[in-house]
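To keep things clear, I will list the structure first and then write my remarks on it.
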Amino acid sequence: MAVTVGELLSGAAGRLRDSGSETARLDAEVLLADTLRTERTRLIASPEAQVDGAAAERFTAAVDRRVAGEPVAYIRGIKEFFGLAFATDARALIPRPETECLVEAGREEVMDRLAAAARRRGIDPGAPSDGPIRIADIGTGSGAVAVALAVVLRRMKVIAGADVTILATDDSPDALELARENAAGHAAAEGMRFVDADLLPPVLPDSGAPLDIVLANLPYVRSDAIDGLPIAASFEPRQALDGGPDGLDVIRRLLALLPDVLAPDGVALLEIGADQGSAAPAAVAQELPGWTATDEMDLAGLPRILRVARGARPA
Ligand code: GLN
């Protein structure tokens, strides 16, 4: 029996509200649009449209999953990040909007370095080319950071392979598989390498050539805060969130590797929690004496990126 869009939406929104969703109506609209392969705005514009029984059943199944707390991104199998659609499922963390500023910071870093190299060549046209800028996205998960960066650089005419290479690592083979799918989906796999490693492989690609830019959104949630996260997070891999007692265990392990893997003028840009704006630089001071660590803010004005480099802070 056919029902209308409006009836389905109000029934589902009620169930979702009762289950504790703070975005009940929006969730219902997004899931129905996804079920019917249409735009949310078209549903809103035509509440009287008829939905056939089979589609209504598929919608109810999706709402059941959401009522049980599963994130909408896993139910749809897709999440928008940096204006791009990424495949998402339980193999990896769902890309978060705040992580877009890590991609933006990586893009700026690459463009500054390419501009500086071009200036050097302008002064001395015979100067040997520096080779590609070597980037690593450590703990790539769904591949969102590495792939979004590759796509945005391509739009700026940066040539994958020649101007930049991107190494994407993860210690979860399942996550790496998803990252590869996302790279292929955005035709961004060229110049990108995926390596199954705990942070970094014992020998870096290209005979151990050092990295110029390290990007990482590692797990940084305190173990005792995991249970307090919204129920949706319980569907995500715990190893992608749990950063140990103070949330900085995995970041500290990466910091300890930097002296060996980072080029002399290399930089690491690490996503941190909003409440780690002083603990994270303190961890750098402890692990890497003589290095510099500064916080950069996200769009909400919260500490979000820890910039780590050798030497004293520039005056
Ligand atoms: N920002 C994420 C959250 O609060 C945490 C991501 C991470 O640990 N890297 O759910």
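Atoms within a ligand are numbered from 1 in the order they appear, just like the ligands themselves. The chain is numbered in sequence order, starting from 1.
Remark: atom 4 (O) of ligand 1 lies closer than 4.0 Å to no protein heavy atom.
Taking the side chain as every heavy atom from C-beta outward, V267 and V214 never approach each other to under 4.5 Å.
Protein heavy atom nearest atom 8 (O) of ligand 1, with residue, atom name and distance: Y220 N, 3.0 Å.
Contact annotation: for L229 versus ligand 1, there are no heavy atoms closer than 4.0 Å. Counting heavy atoms under 4.0 Å from ligand 1, residue A240 touches it through the backbone alone.
Judged by distance alone, the side chains of Y220 and Q276 never bring a donor and an acceptor atom under 3.5 Å apart. A donor-acceptor pair shorter than 3.5 Å can be found between the side chains of S223 and D242. Counted by atom type alone, D27 and S21 present one or more donor-acceptor pairs between their side chains at under 3.5 Å.
Proximity to L218 (heavy-atom distance under 4.0 Å) selects the following atoms of ligand 1: 7 (C), 8 (O), 9 (N).
Of the candidates E271, E80, E236, R96 forms a salt bridge (charged side-chain N to carboxylate O under 4.0 Å, His left out) with just one, namely E236.
Geometrically, ligand 1 and N217 share a nitrogen or oxygen pair separated by less than 3.5 Å.
No more than 12 heavy-atom neighbours from other residues, nucleotides or ligands sit within 6.0 angstrom of CD on Q286.
Within the set R222, E98, E236, R96, the minimum heavy-atom distance to atom 10 (O) of ligand 1 is found for R96.
Heavy atoms of A233 come nearer than 4.0 angstrom to ligand 1 in no pair at all.
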